[in-house]
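Take a look at the structure below.
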Amino acid sequence: GEAVTLQFTMPRSEGTFRLRELRLNIEGTMQGRARQTQLPFTVFLFNWRLAEWQAWEVFGGSSIVPDGERYISAAGEVRMRYTLDAALASTIREVRLNRLDVTTVGAIR
């Protein structure tokens with residue numbers, strides 16, 4: 001299937017950033033051979049502690065990622081990948097992503 005991998009870097013700042021929330025944001029549409037209700041997107045985040053990609057099944061909008069610290073590297077990087085599931089590829093003709101990113105909520109101390 002088709003794939004896109006993105007890397008985000010948190011801005012440098014004085015002090016230490018304390019993460020309260022990591023959010024996964026996705027907006028898009030899928031067009032297939034038959035009319036379908038909104039299908040979930042499978043997005044992978046890189047877990048820096050385990051050094052592996054982990055899948056998240058989400059619908060459009062913003063979703064909180066539990067224990068978000070494990071997806072932010074020591075250098076402040078977050079890696080995300082979207083791959084069209086091969087099982088869906090036979091019924092999906094097109095995926096249009098208007099938004100695919102992460103946001104962080106927290107405070108600098």
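- The distance from the CD1 atom of Ile26 to the CE atom of Met80 is 8.0 Å, given to the nearest 0.5 Å.
- Taking CG of Leu19 as the reference point, atom CZ of Arg70 lies at 11.5 Å (rounded to 0.5 Å).
- One distance of note links CZ of Arg20 with OG1 of Thr104; it measures 10.5 Å at 0.5 Å rounding.
- Here the side chains of Thr5 and Gln7 are not in contact, with every heavy-atom distance at 4.5 Å or above.
- Checking Arg23 against Ser62 by side-chain atom types alone, a donor-acceptor pair falls below 3.5 Å.
- Note: the hydrophobic cluster containing Val58 also contains Tyr71 (ILVMFWY, side chain heavy atoms under 4.5 Å, direct or indirect links).
- Tracing side-chain contacts under 4.5 Å through hydrophobic residues (I, L, V, M, F, W, Y), one never reaches Phe44 starting from Val102; they form parts of separate clusters.
- In this model, a donor atom of one side chain and an acceptor atom of the other lie less than 3.5 Å apart for Asn47 and Gln54.
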Check your understanding: Are Leu22 and Ile64 close enough, and set up right, to give a side-chain contact (heavy atoms from CB on, under 4.5 Å), and what steps lead you there?
Key -> CA-CA 6 Å; Leu22 179 65; Ile64 297 173; over 6 Å; no

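- Looking at Glu77 and Phe46, their side chains never come closer than 4.5 Å, going by heavy atoms from C-beta outward.
- A single hydrophobic cluster is seen to contain both Phe41 and Leu100, as judged by linkage of ILVMFWY side chains at heavy-atom distances under 4.5 Å, directly or through other members.
- Residues Val78 and Leu97 share a single hydrophobic cluster, defined by chaining ILVMFWY side chains whose heavy atoms lie under 4.5 Å apart.
- At least one side-chain heavy atom of Met10 sits less than 4.5 Å from a side-chain heavy atom of Ile72.
- Put simply, Trp53 and Trp56 are part of two different groups of oily side chains (I, L, V, M, F, W, Y) that touch within less than 4.5 Å, one to the next.
- Between Val4 and Leu6, the closest side-chain pair of non-hydrogen atoms falls below 4.5 Å.
- Within a 6.0 Å sphere centred on CZ of Arg49, heavy atoms belonging to other residues, nucleotides or ligands number more than 12.
- Looking only at side-chain heavy atoms (C-beta outward), Thr42 and Thr83 stay at 4.5 Å or farther from each other.
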